[in-house]
Amino acid sequence: MSLAQTKVVERSAKKAPEWVNTANPSALVVTVTANTIADAQVKAMAEVTERIILSVASNVSVSQRNESSEIVEDDNVQSRDEFTRLSKIKSANLPFLKGISSNKIAGIYWQRVQDKKTGESYYEYSVLYPYSRREQRTLQAEFEALDQEMTAKYEALAQKIDNIESVEDIKAATTELNALKAYFFDDVRLEQVEGLKKRYLQLYDALTLTGKFVKRGQYSCQVLLKGRPVKVSTLPTVKSSSVTQLNVRPTTDGTFLVTYDDSECIEDEENTIDVMLRLDGKRLTYKISLTEAGSGFGSQKFSIAPEGKVLLTAAMVDAAEREVTDVTVRLNVNNRNGNKFAVKSFELNVPDIAVPLVFDNVDAIYSTKGLIQIKMLAQGEYSLRQVKKNDFGFVKGTLNVVNPDTGAIEPIKVALPYSTNWE
């Protein structure tokens with residue numbers, strides 16, 4: 001039989017209270033070890049907190065640390081040599097944590113234990129903390145109700161992201177997600193909240209400004225989100241060096257009406273209005289090309305702009321070899337003023353395709369006012385890249401057209417969302 005290697009050299013009472021080694025259905029009994037009484041007090045309350053957390057919220061993630069502790073449960077002493085589980089609570093917004101306090105401790109007992117061989121000593125510190133099964137069930141019910149409410153808020157925001165009606169909805173959603181981030185404490189839901197917040201913030205990059213003439217002296221501007229109209233309460237700023245009486249006001253349908261007087265415009269000069277809109281740090285710009293001085297609405301200078309989504313359709317798709325054959329490109333452009341123009345060439349960079357799609361000597365002529373679909377076929381086989389698809393993939397390129405006013409070839413930049421038939 002081996003002799004004890006330690007001895008008790010000091011204790012808080014002559015005899016240990018009965019609760020130290022007795023299970024109590026109405027309280028938690030926690031024992032920890034530490035080098036000082038102060039450290040032991042902190043560790044004991046940390047252990048009490050963890051026990052309550054784990055009894056209420058089973059999803060709390062837990063880590064391990066090298067520390068000694070002992071817990072009494074149902075007449076059994078469970079020793080945890082060299083480690084204890086510490087809850088990784090990432091916020092202080094769990095409601096049941098607010099009621100945990102050292103003031104509620106019903107009993108304390110400690111003893112200083114010395115190692116006979118080394119002479120080193122430490123404290124064994126025990127506390128009795130009232131915590132009944134009834135209180136546990138009450139806290140669980142309150143927590144589950146709150147947790148369901150927060151989960152429902154997240155799910156509603158996840159569904160709403162594809163049905164944004166106003167730019168203000170983006171900011172409101174990110175504010176709500178920040179509140180959810182302060183509540184959720186488990187890694188899975190925290191990652192989901194972070195991912196959804198990132199998707200909402202990416203919506204700002206999908207915002208564009210467009211517009212059309214209402215009549216001479218009036219131009220209607222509209223904010224688009226991935227090609228769909230959305231409302232904005234913020235007014236843009238407008239400026240021009242050629243028009244007078246320039247003004248902008250909101251309308252009931254969420255657009256902006258720009259009004260101006262072009263009577264002093266000089267025909268041979270570039271008569272434009274610059275529109276700029278700031279939305280939560282995102283800067284949108286748009287340039288309105290005006291009528292020639294005194295010529296009336298409908299004789300504006302040459303102006304076309306790519307709009308909507310670019311559609312790419314392959315005649316054949318080899319998923320195994322990751323190749324596509326004969327890709328048809330459909331691009332919509334807005335011929336705002338109905339000027340006749342010719343497309344000379346087009347180069348398009350698609351994230352999925354390893355090389356640019358190049359169309360030379362197109363020589364297609366268009367004269368219809370408004371939206372025109374330009375259709376081109378890139379013959380041959382094309383290798384596909386491994387690209388992570390998302391709602392914010394854009395194709396970029398240059399459409400070279402002939403300006404009917406000058407006869408010069410002008411490059412029109414293309415940067416639009418796209419869809420394919422291969423993935």
Side-chain angles (χ1 to χ4, degrees), residues 1-92 94 96-137 139-140 185-187:
M1 181 176 178
S2 60
L3 297 176
Q5 299 299 313
T6 60
K7 63 179 180 177
V8 177
V9 296
E10 187 180 2
R11 64 184 72 197
S12 60
K14 291 183 179 181
K15 184 179 179 181
E18 291 185 2
W19 56 262
V20 171
N21 295 307
T22 304
N24 191 328
S26 299
L28 298 175
V29 178
V30 172
T31 299
V32 298
T33 61
N35 293 328
T36 67
I37 290 290
D39 288 344
Q41 291 171 339
V42 173
K43 290 181 179 180
M45 282 309 300
E47 187 70 33
V48 168
T49 301
E50 181 197 12
R51 293 277 300 281
I52 294 176
I53 289 169
L54 293 177
S55 72
V56 176
S58 59
N59 289 333
V60 174
S61 55
V62 174
S63 63
Q64 293 182 345
R65 267 174 146 192
N66 288 331
E67 291 171 0
S68 299
S69 66
E70 187 175 85
I71 294 179
V72 178
E73 289 182 338
D74 301 329
D75 295 324
N76 295 320
V77 178
Q78 298 182 355
S79 296
R80 295 200 242 169
D81 296 329
E82 303 302 326
F83 75 91
T84 186
R85 295 184 302 170
L86 297 179
S87 301
K88 297 189 298 184
I89 297 299
K90 296 178 176 63
S91 72
L94 299 180
F96 58 85
L97 295 182
K98 298 177 182 178
I100 302 174
S101 169
S102 59
N103 293 331
K104 293 183 178 181
I105 293 176
I108 297 174
Y109 174 75
W110 58 264
Q111 57 186 23
R112 187 163 65 89
V113 180
Q114 187 178 58
D115 188 301
K116 292 180 180 180
K117 186 176 181 180
T118 64
E120 295 179 353
S121 64
Y122 58 90
Y123 288 90
E124 292 180 350
Y125 189 89
S126 302
V127 299
L128 177 69
Y129 191 91
Y131 186 59
S132 66
R133 297 292 170 84
R134 180 179 179 181
E135 182 179 3
Q136 178 185 349
R137 288 193 293 269
L139 293 179
Q140 283 178 329
F185 48 83
D186 54 289
D187 291 338

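The shown structure was predicted, so the numbers you read here are calculated from the model rather than taken from an experiment.
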Quiz item: Given Y122 and E120, is the side-chain hydrogen bond (donor to acceptor under 3.5 Å, both in side chains) satisfied, shown in steps?
Solution: CA-CA 7 Å; Y122 58 90; E120 295 179 353; over 6 Å; no
Considering all heavy atoms of both residues, which atom of [X] and which atom of [Y] are nearest to each other, and what is their separation?
X	Y	answer
A34	A40	CB-N, 3.5 Å
V56	Q140	CA-CG, 3.9 Å
E47	V32	CB-CG1, 4.4 Å
A44	V127	CB-CG1, 4.1 Å
T31	S126	OG1-OG, 2.7 Å

Quiz item: Between Q5 and K116, is a side-chain contact (heavy atoms from CB on, under 4.5 Å) present by the stated rule, with each step listed?
Solution: CA-CA 6 Å; Q5 299 299 313; K116 292 180 180 180; 5.6 Å; no
Quiz item: Of Y109, Y123, W110, which meets side chain to side chain contact (heavy atoms under 4.5 Å, CB included) against R11?
Solution: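 Testing R11 for a side chain to side chain contact (heavy atoms under 4.5 Å, CB included) against Y109, Y123, W110 leaves exactly one candidate, Y109.
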Exercise. Look at the side chain of Y129 and the backbone N and O of S101, then say whether any donor-acceptor pair between them is shorter than 3.5 Å.
Key: yes
Practice problem: Output yes when a side-chain donor or acceptor of Q114 lies under 3.5 Å from a complementary backbone atom of G119, and no otherwise. | Solution: yes
Quiz item: Below 4.5 Å, heavy atoms only, C-beta onward: do M45 and I100 meet side chain to side chain?
Solution: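 M45 vs I100: side chains touch.
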Self-check item: Flag side-chain contact, heavy atom, 4.5 Å: E124 against V8
Solution: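 SC-SC contact between E124 and V8 ruled out.
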Report the distance from atom [atom1] of [X] to atom [atom2] of [Y], rounding to the nearest 0.5 Å.
X	Y	atom1	atom2	result
L139	I53	CG	CD1	11.5 Å
Q111	S121	CD	OG	12.0 Å
L128	K104	CG	NZ	14.0 Å

Practice problem: Kindly determine whether Y131 and V48 satisfy side-chain contact (heavy atoms from CB on, under 4.5 Å), including the steps that lead there. | Solution: CA-CA 10 Å; Y131 186 59; V48 168; over 6 Å; no
